[in-house]
There are 2 protein chains.
Amino acid sequence: MIDRDGLPALSMRTVAAELDRRTMALYRYVEDREELECLVVDLALGGVLDRAVDSAADPAVDPAVDSAVDPVRSAVPSAGPRVRLLALLELMREAVGAHPGVLPLAVRHHGGCPPALRWRERLLEALADAGLDAPRRAAALHALVSYVIGALELEHQAAVAAAPGGASVPETFPLLAAALAARATADPAQAFADGARTVLDGLGLGPGPGPGLG
Amino acid sequence: MIDRDGLPALSMRTVAAELDRRTMALYRYVEDREELECLVVDLALGGVLDRAVDSAADPAVDPAVDSAVDPVRSAVPSAGPRVRLLALLELMREAVGAHPGVLPLAVRHHGGCPPALRWRERLLEALADAGLDAPRRAAALHALVSYVIGALELEHQAAVAAAPGGASVPETFPLLAAALAARATADPAQAFADGARTVLDGLGLGPGPGPGLG
DNA sequence: CCTCGTAGGTGTATGCCGTACGCCAAAACT
DNA sequence: AGTTTTGGCGTACGGCATACACCTACGAGG
């Protein structure tokens with residue numbers, strides 16, 4: 001529904017209508033709108049995010065094949081923590097990219113959303129594999145999650161504000177105008193990945209051989 | 001008003017009541033609620049953010065004294081781009097920290113908010129002083145702004161969700177529980193600054209002598 | 001001086017929204 | 001058979017943003 005009609009079109013009434021029920025019937029299954037939003041986030045993020053978690057613990061898939069192709073699906077640490085982290089970050093981008101309108105809800109409810117919690121645990125596992133101790137892991141998680149949230153939020157707003165014709169930055173800000181113009185022509189996925197690599201670099205998780213600087 | 005009664009208490013009716021007017025009188029000055037929100041963000045961020053911009057261009061203050069104390073107020077580049085950038089990032093944190101309830105509005109409207117645009121221009125100036133060319137500046141701005149938005153959003157949610165008693169992360173996520181506990185006891189300002197330094201490190205703006213690696 | 005446009009304000013009304021409350025049918029369990 | 005539980009319905013309330021029409025006071029132009 002959000003993909004079709006946008007986030008403001010999500011209301012108790014519209015959801016009930018979609019199910020051919022009469023609004024108040026929803027309250028048999030959900031405490032209030034807040035809880036319904038949580039379920040929406042679960043649904044939207046779960047499908048994509050749990051690709052990584054499920055397949056890693058699922059012996060039905062052949063690990064010898066998959067791990068060579070997709071570093072996220074791999075449970076073995078040979079892929080390198082940096083590559084795994086980068087893949088997890090892009091996985092989150094992919095998840096919200098599949099349903100862009102859900103992003104405001106996802107940001108507000110990610111603390112109570114199981115798929116998002118699983119994702120963060122996976123992030124911490126990769127950080128532990130990289131040799132970071134607990135305090136550094138906490139700091140690294142904070143930096144990475146902050147970047148992801150902010151970057152997705154920026155991308156979301158850029159997509160929304162692009163419709164009318166331009167925010168028309170005054171010529172008082174030449175550097176900003178140039179930077180925004182450059183960003184408008186660039187590939188969002190590339191920009192996201194570049195920023196993610198920057199944060200990983202700052203964490204000392206360079207593209208080098210491995211956790212050599214513990 | 002938002003500081004006193006919270007963000008949901010902001011409505012056309014309540015604002016009009018605060019001014020002893022009759023709701024519809026507001027529409028003489030404002031197109032719609034959206035525009036009022038922009039004014040709120042201007043007001044909330046402007047006071048703190050423009051400290052840096054105004055004083056840098058204001059010859060009334062003695063630069064010899066101020067620049068030695070506060071690197072943000074200094075127009076001379078001798079303070080080092082890294083220190084100036086860090087100070088600008090913390091300035092933004094301070095601005096929204098003065099009115100925490102405004103953060104959702106600030107995130108949504110920062111694209112059309114003059115103080116926020118000035119702040120970004122200042123960021124780009126410091127990045128240029130650090131020797132970054134235009135494409136690198138754009139990438140660096142994206143990384144820094146993303147981090148700031150995400151970090152403030154996380155801090156905001158932590159402050160809100162702390163009331164009931166805990167989100168109670170299931171014991172299925174041991175690493176996450178430990179990281180969240182560590183984060184709960186730590187100083188938010190320190191955590192913000194640590195993350196900011198991490199991003200700056202990743203951008204190659206290390207604490208070294210200067211822009212030596214252009 | 002008088003008129004008249006307009007800035008500022010009011011009152012009313014519409015159509016959304018979330019949701020509290022109470023009633024009702026069918027099904028499930030005792 | 002009776003009773004509880006489950007799922008659903010209708011109504012109603014208060015709050016929201018805002019469209020529309022109306023009024024009032026005031027300042028400038030004739």
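A quick note: this is a predicted structure, and the numbers were derived from the prediction, not measured. Below, read A as the first sequence line, B as the second, and so on, with proteins coming before strands; counting in each chain starts at 1.
- With sequence neighbours left out, the side-chain hydrogen bond (donor to acceptor under 3.5 Å, both in side chains) criterion links B:Glu90 to no other residue.
- Residue pairs satisfying the salt bridge (charged side-chain N to carboxylate O under 4.0 Å, His left out) criterion with at least one member in residues 5-23 of chain A, sequence neighbours excluded, are listed as follows: A:Arg4-A:Glu18.
- Under the side chain to side chain contact (heavy atoms under 4.5 Å, CB included) criterion, B:Ala177 pairs with no residue, sequence neighbours left out.
- With sequence neighbours left out, A:Glu153 forms a salt bridge (charged side-chain N to carboxylate O under 4.0 Å, His left out) with no residue at all.
- Using a 4.5 Å heavy-atom cutoff, the side chains of A:Glu121 and B:Thr172 are not in contact.
- Scanning for side chain to side chain contact (heavy atoms under 4.5 Å, CB included) contacts around A:Pro135 gives A:Asp133, with sequence neighbours left out.
- Distances shorter than 4.0 Å separate none of the side-chain N or O atoms of B:Arg22 from OP1 or OP2 on C:dG9.
- Note on residues 97-106 of chain A: no pairs pass salt bridge (charged side-chain N to carboxylate O under 4.0 Å, His left out), not counting sequence neighbours.
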Enumerate all atom pairs, one protein N or O and one N or O from nucleotides 15-21 of chain C, separated by less than 3.5 Å.
| residue | atom | partner | partner atom | Å |
| --- | --- | --- | --- | --- |
| C:dC17 | OP1 | A:Ser11 | OG | 3.2 |
| C:dG18 | OP1 | A:Arg33 | NH1 | 2.4 |
| C:dG18 | OP2 | A:Met12 | N | 3.0 |
| C:dG18 | N7 | A:Arg13 | NH1 | 2.7 |
| C:dG18 | O6 | A:Arg13 | NH2 | 3.4 |
| C:dT19 | OP2 | A:Tyr27 | OH | 3.1 |
| C:dT19 | OP2 | A:Arg33 | N | 2.9 |

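- Sorted by first and then second residue, the side chain to side chain donor-acceptor pair (under 3.5 Å) pairs involving residues 173-191 of chain A (not counting sequence neighbours) form an empty list.
- Nucleotides of DNA chain D with any atom under 4.0 Å from a heavy atom of chain B span, from 5' to 3', D:dC16 to D:dC20.
- Within the structure, every pair that satisfies the ring pair (Phe, Tyr, Trp, His ring centres under 6.0 Å) test and touches residues 173-199 of chain B, not counting sequence neighbours, is listed here: B:Tyr147-B:Phe192.
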In B/S/- notation (B base, S sugar-phosphate only, - none; protein heavy atoms under 4.0 Å), nucleotides 23-29 of chain C written 5' to 3' is -------

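- Scored by the side chain to side chain contact (heavy atoms under 4.5 Å, CB included) test, A:His156 finds A:Leu103, A:Pro104, A:Val160 as partners (sequence neighbours excluded).
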